[in-house]
Amino acid sequence: MFSPLPVVAPHAIIVPAAVEFTIWPYQHRFQRAAQHMAEGIFDDLDAELQPQVMLIGIPLEGGAAICLEPESCGLPPEAFSGVVARGQYLRRTESEGWPAREDDTAEIRRRRHEFKGIKLAVQEVLDELTPRNGARRSFAGWPVLIGDFFVVTVLQLRRKALRHHPALRPHRYYTDGRPLASSLIEAAIARFGEECVKALTEPEPGSGLLTRPRDTDEIVRAAGKFLLDTPAQALGLDPAGAKLFNVLNTVSSLRYEGTAGVGQLVLARRGHPNVQEIFALTCPTPLSDYRAVRKLLQMSTADVSLLSDGENVYALGRTLGQYDASREDMFIINFLHHYVWELRHDGQVLVRAAYGQPNLPQSRLSRSEFRRGLRDTFGVTESEKVERLWDVLLEASRQQHGTLVVITTEALAEADRLKLQCTLIEPVPLTPLITRLVTAIDGAVLIDPEAYCYSIGVILDGKASGRGSSTRGARYNSALRYVESSPYPCMAIVVSEDGLVDILTKDTLPNRHE
């Protein structure tokens, strides 16, 4: 059993030095468990998000907040002194425009609006404390009443990492008031907040559930299902995200005469101005008829897709014309290969799912992993050099058909050794533009740690390796063999056609026979 933990932030409300202030005994334990859960969720989505979780306590009668956990949360308590009054004002003046659920009683609606007002007021303060150009963005959770305090869980994520991922327009709701998510990250934030509220409403918050938090993979799956509610709502369907998510997973897992399903499914209402039917099905096929849908998918080609209204496949056809992205009523499902699919809107990938687990497309390199590889392999730590190489490799990762970049200290010598199986060029420092050009052809691009390029279209050699993987393509396996065989410090960045990015160094090669 944990004993009550005294928490007095040095810049929080002033209490006598002899008084140990705590709202409830397990607040420290709760914050640590919530931080651990957030790391499990958001590190899995994008390690660059770097989540931080803090708790603030707001007195029912107003006054300065108490920065509960951690003590060094960095939020000035006096900034929250007016949130209770501000929340009441928002409830009185704006709640008529807030979506409401039809089955709510008057008391439940009043209570929900009261808590929503406080949540919005806290968010206003957080937005002022973390402006648009700040390094982090803060998200206020739903307040929970514990004793004489509203306790709010605050999640912070790196703003720059958030900007890397596309999103639909925010603040969308079903007609019954239930919110919709604009991105997988927003859906994950919502699901994380729900888990925290569930734990905070227990008799002894933090003493039980969050010490064994719900499996973070399960929370991310729930976020994926939640995100799929958004295209369902655009098609005029009842909440159907979970159903649609399960359909796509099942269809992508099925084979037809031994082949994996590859093709497209367009989600749009029949008669959409940007959809042309080639031929219609007399009896539309329900999406729940997985095998029939998989069989129809076999007929799709690069420019011919299945057309679905979210409930049935009604035709085969194609998209045409200039789609008005502001409508947000046409979505593309790409079935990439066995058990892998992605949801696109206006050419941008909102979510990719592999073997039933949703994630963000890994077409962006992990900056921390890349920086660590440069340091451990080449001893490169200077920020200027790291950023130069990062910009080059970020551009390379955008190649739709994949590419391979090899960094080695002996790039010049290797270019000469492999000159019969590559195209030699005059040494040139790579810029994003040059990178875009030289990675457009097959073969590897050979550069040194200073970002100078010496050859392109390189066919790599290397000894056969027990570390190779039959589930990965030739590009990945040739890079692995080259790195393992090279007598020089070497790093390979492999961008696969499905968007997966691998950073290979001698220290990070997979185990043999893996």
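For the numbers below, each heavy atom of this structure counts, side chains included, while hydrogens, waters and symmetry mates do not. Note that the coordinates shown come from a computational prediction; the quantities given were computed from them, not determined experimentally.
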Quick one: pull up CZ in Phe42 and CZ in Phe192 and give me the separation to the nearest 0.5 Å.
-> 6.5 Å

Classify the side-chain pair Gln298/Arg294 by whether it contains a donor and acceptor separated by less than 3.5 Å.
-> yes

So Thr319 and Asn274, side-chain contact (heavy atoms from CB on, under 4.5 Å) or not? Walk me through it.
-> CA-CA 5 Å; Thr319 59; Asn274 296 110; 5.5 Å; no

Residue Asp461 excluded, over 12 heavy atoms near CG under 6.0 Å | yes

Give the minimum heavy-atom separation between Ala223 and Ala187, together with the two atoms involved.
-> O-CB, 3.3 Å

Between the side chains of Asp127 and Gln123, does any donor sit under 3.5 Å from an acceptor?
-> yes

Arg169/Glu328 salt bridge by N-O under 4.0 Å criterion = yes

Distance, nearest 0.5 Å, that separates CZ of Arg137 from CZ of Arg163 | 9.5 Å

Around atom CZ of Arg417, are there more than 12 heavy atoms of other residues, nucleotides or ligands at under 6.0 Å?
-> yes

Residues Glu450, Lys385; criterion salt bridge (Lys or Arg N to Asp or Glu O under 4.0 Å); working and verdict | CA-CA 7 Å; Glu450 302 293 330; Lys385 290 184 178 180; 2.9 Å; yes

Measure the OG-CG distance between Ser326 and Leu168 for me, rounded to the nearest 0.5 Å.
-> 12.0 Å

Going through the distances and angles, do Asp416 and Lys419 end up as a salt bridge (Lys or Arg N to Asp or Glu O under 4.0 Å)?
-> CA-CA 5 Å; Asp416 182 65; Lys419 60 187 176 184; 3.8 Å; yes

Checking side-chain hydrogen bond (donor to acceptor under 3.5 Å, both in side chains) against Asn249, which of Trp341, Tyr355, Tyr290 comes through?
-> Trp341

Rounded to the nearest 0.5 angstrom, the CG-CG distance for Leu281 and Leu307 is 9.0 Å

Do Glu342 and Arg344 meet the salt-bridge criterion of a basic N to acidic O distance under 4.0 Å?
-> yes

Take Leu267 and Ile332 through the test side-chain contact (heavy atoms from CB on, under 4.5 Å) and record every step on the way to the result.
-> CA-CA 6 Å; Leu267 289 172; Ile332 307 296; over 6 Å; no

Working to the nearest 0.5 Å, report the span between CZ of Arg269 and CG of Leu235.
-> 6.5 Å

Side-chain H-bond candidate by donor/acceptor type, Glu186 with Ser182, under 3.5 Å | yes

With Ile407, which of Thr505, Asp448, Ile493 fulfils side-chain contact (heavy atoms from CB on, under 4.5 Å)?
-> Ile493

Main-chain N/O of Ala34 paired with Glu195 side-chain donor or acceptor, under 3.5 Å | no

Taking atom types as modelled, is there a side-chain donor on Gln264 or Ser300 under 3.5 Å from an acceptor on the other?
-> no

Could you walk me through whether Tyr314 and Glu277 pass side-chain contact (heavy atoms from CB on, under 4.5 Å), step by step?
-> CA-CA 9 Å; Tyr314 59 82; Glu277 295 184 17; 3.4 Å; yes

Would Glu414 and Tyr482 count as having a side-chain donor-acceptor pair, cut-off 3.5 Å?
-> yes

Using the six-membered ring of Phe226, assess whether NZ or CZ of Arg191 lies under 6.0 Å from its centre and within 45 degrees of the ring axis.
-> yes

Please name the pair of heavy atoms, one in Leu336 and one in Val262, separated by the smallest distance, quoted to 0.1 Å.
-> O-CG2, 3.4 Å

Among side-chain atoms of Asp46 and His164, is any donor-acceptor pair under 3.5 angstrom?
-> no

Verify the distance criterion only: is there a donor paired with an acceptor across the side chains of His345 and Tyr323 at less than 3.5 Å?
-> yes

Of all the heavy-atom pairs spanning Ser455 and Ile425, show the shortest one and how long it is.
-> N-CG1, 4.2 Å

Please report the closest heavy-atom contact between Ala444 and Val406, naming both atoms and the distance.
-> CB-CG2, 4.3 Å

When every non-hydrogen atom of Thr285 is compared with those of Ala292, the smallest separation belongs to CG2-CB, 3.6 Å

Between CG on residue Asp229 and CG on residue Leu244, distance to nearest 0.5 Å | 9.0 Å

State plainly whether the residues Glu484 and Lys506 are in salt-bridge range, i.e. N to O under 4.0 Å.
-> no

For Pro166 and Val349, work out which heavy atoms get closest and say how close.
-> CG-O, 3.3 Å

Would you find more than 12 non-hydrogen atoms of other residues, nucleotides or ligands less than 6.0 Å from Glu384 atom CD?
-> no

Would you check, one step at a time, whether the test salt bridge (Lys or Arg N to Asp or Glu O under 4.0 Å) holds for Glu395 with Arg398?
-> CA-CA 5 Å; Glu395 185 63 41; Arg398 297 190 176 106; 3.1 Å; yes

Go through Tyr454 and Val428 one step at a time and tell me if the side-chain contact (heavy atoms from CB on, under 4.5 Å) criterion holds.
-> CA-CA 7 Å; Tyr454 296 87; Val428 59; over 6 Å; no

